[in-house]
Amino acid sequence: MKIESSSDAAAAHRFRIGYAFAPKKEQSFIQPSLLNHASQNGIDFVPISITDSSSEEEAAEALIQQGPFHCIIHKLYGHRWNHQLKQYSSKYPQTLILDPPDSIERLHNRVSMLQVVSALKLNSQFNISVSVPKQVVLQNPQSPDSIHKNTIDGAVEFPVIAKPLLANGSAKSHEMCLVFDPKGLQTLLLTTTTTSASTQPILLQQFVNHGEVVFKVYVIGEYVQCVKRSSLPDISEQQLTALEGQVLPFSQISNSPQPQEGGEHGLGLAHDPHEMPPSDFVEELARGIRLGLKLNFFNFDVIRDSGNPHSYFVIDINYFPGYAKLPSYEQILTKFLLALLTTPTQKDHQLEPATTEEEEEEEERLITTT
């Protein structure tokens, strides 16, 4: 879609974009550079005031009073916030909510978040397979029977990455460990029996050697950008034996700087693990995940099998990631919002409160009597 120039867009119409983030997220995302660029293009970002001291209905009414907005972008979770958005939308149904809480909720569970990948049907011309590593959930981590049934019986093979099943952005949800055998898993579970986390389900995801490189794909609507980051090193059979019973904790494994090309990597790979995946393949994969999840703001982590350069695995999906790390994120986000808000179906909508049934009856009575 063709977008008007900055001056034309600003002069023709201004759009109010409400935003609601936790303080840390707001500080990193709402940069002066974003506010200035958006303003020059007719977009005004407006902070939404959130209060926890009032009742649900009072909080919902407070959000309504801060409107109307052409669009609300957010990264807040929980029933209370979802209720506020629902009540606001009933008053101003024309406002775009990016993204709908029901769609975001799917990413809070590490099993349901990746189900969309299993349903994808990519173009065969790529000669590439995309799947999810084998994984299993320990619903009762304190039960030795569940360990034997789900791992030794072949649901997954060691080594595995142990992750909390719940992925809600909290510090606990990022506590992960690399476990090398059932003995190590027993050790891990014994160390958590004295904490509340010991009763929470744990996901065991089979570790795939991937040349120490993870590809992070950022998505904003139809915009897609793939970057590479350092990841865990490959594990040989000899190392697996030497690390018997070991548990290696790590947090947010793909946040290391970009790996250095030309250095030593992997286990004598026939392909260069630093080579970026084909861009058209990445774009089709991102499009399939975006449509399947019905989300506009997310990123996902992809790894390439060290033993097969045509085999990729999606290992994680995150909602509203750190876009400020991307070069020119201000222009990317502004262009996306303008394209969305100036579509023929959207730009003609007036931000007026929804008409109640009583108001409709009164309007019909006045028409008939005149």
Side-chain angles (χ1 to χ4, degrees), residues 20-25 50 52 74-85 99-119 132-143 145-147 149-151 155-156 159-179 184-207 214 216 232 247-255 289 292-295 297-303 313-322:
F21 301 115
K24 186 176 179 180
K25 184 68 176 180
I50 305 296
D52 295 326
H74 66 105
K75 191 178 182 180
L76 295 177
Y77 305 129
H79 170 78
R80 182 183 176 89
W81 171 245
N82 293 349
H83 177 74
Q84 292 177 51
L85 284 178
D99 281 303
D102 289 346
S103 297
I104 300 172
E105 185 69 27
R106 187 171 178 175
L107 299 188
H108 293 172
N109 180 295
R110 286 196 162 92
V111 171
S112 63
M113 75 162 58
L114 295 177
Q115 288 173 342
V116 64
V117 178
S118 303
V132 175
K134 290 181 180 180
Q135 52 188 29
V136 69
V137 177
L138 299 183
Q139 293 289 354
N140 183 6
Q142 295 176 311
S143 170
D145 292 340
S146 68
I147 299 174
K149 177 180 179 181
N150 291 314
T151 58
V156 295
V160 298
I161 297 176
K163 314 177 181 183
L165 179 63
L166 182 65
N168 60 359
S170 66
K172 286 289 184 183
S173 69
H174 291 298
E175 292 181 355
M176 308 179 194
C177 294
L178 185 58
V179 183
L185 183 58
Q186 294 272 16
T187 301
L188 171 65
L189 299 181
L190 283 174
T191 61
T192 60
T193 52
T194 58
T195 69
S196 59
S198 64
T199 61
Q200 299 301 314
I202 293 176
L203 176 74
L204 302 181
Q205 187 179 78
Q206 188 164 314
F207 179 79
V214 60
K216 299 186 78 72
L232 295 181
V247 177
L248 300 182
F250 57 96
S251 178
Q252 298 173 310
I253 64 175
S254 61
N255 279 348
I289 294 176
L293 292 175
K294 297 181 174 62
L295 292 174
F297 298 123
F298 64 95
N299 76 349
F300 58 96
D301 293 350
V302 185
I303 59 175
F313 295 89
V314 178
I315 58 174
D316 198 19
I317 306 176
N318 302 287
Y319 183 66
F320 217 113

Beyond-backbone contact of [X] with [Y], side-chain heavy atoms, under 4.5 angstrom:
X: L293; Y: I317; result: yes
X: F298; Y: I289; result: yes
X: L185; Y: L138; result: yes
X: I50; Y: W81; result: yes
X: I161; Y: I315; result: no
X: L189; Y: I202; result: yes

Ignoring hydrogens and angles, tell me if any N or O in the side chain of [X] forms a donor-acceptor pair with the backbone of [Y] under 3.5 Å.
X: K75; Y: Y319; value: yes
X: H74; Y: F21; value: no
X: K163; Y: C177; value: no
X: K25; Y: F320; value: yes

When rounded to the nearest 0.5 angstrom, what distance separates [atom1] in [X] from [atom2] in [Y]?
X: M176; Y: L232; atom1: CE; atom2: CG; result: 10.5 Å
X: N82; Y: E105; atom1: CG; atom2: CD; result: 7.0 Å
X: D316; Y: L107; atom1: CG; atom2: CG; result: 9.0 Å
X: N299; Y: N318; atom1: CG; atom2: CG; result: 5.0 Å

Quiz item: Would K294 and D102 satisfy side-chain contact (heavy atoms from CB on, under 4.5 Å), going step by step from the backbone distance to the final call?
Solution: CA-CA 10 Å; K294 297 181 174 62; D102 289 346; over 6 Å; no
Mind listing the closest non-hydrogen atom pair of [X] and [Y] along with its distance?
X: V179; Y: G184; answer: CG1-C, 3.6 Å
X: F297; Y: D99; answer: N-OD2, 3.2 Å
X: H108; Y: N168; answer: CD2-CA, 4.4 Å
X: V160; Y: L204; answer: CG2-CD2, 4.2 Å

Distance-only criterion, 3.5 Å: show the donor-acceptor pairs between side-chain atoms of residues 110-117 and protein atoms not counting sequence neighbours.
from: R110; atom 1: NH1; to: P164; atom 2: O; distance (Å): 2.6
from: R110; atom 1: NH1; to: L166; atom 2: O; distance (Å): 3.4
from: R110; atom 1: NH1; to: S173; atom 2: O; distance (Å): 3.3
from: R110; atom 1: NH2; to: S173; atom 2: O; distance (Å): 3.0
from: S112; atom 1: OG; to: R106; atom 2: O; distance (Å): 2.7
from: S112; atom 1: OG; to: N109; atom 2: O; distance (Å): 3.3

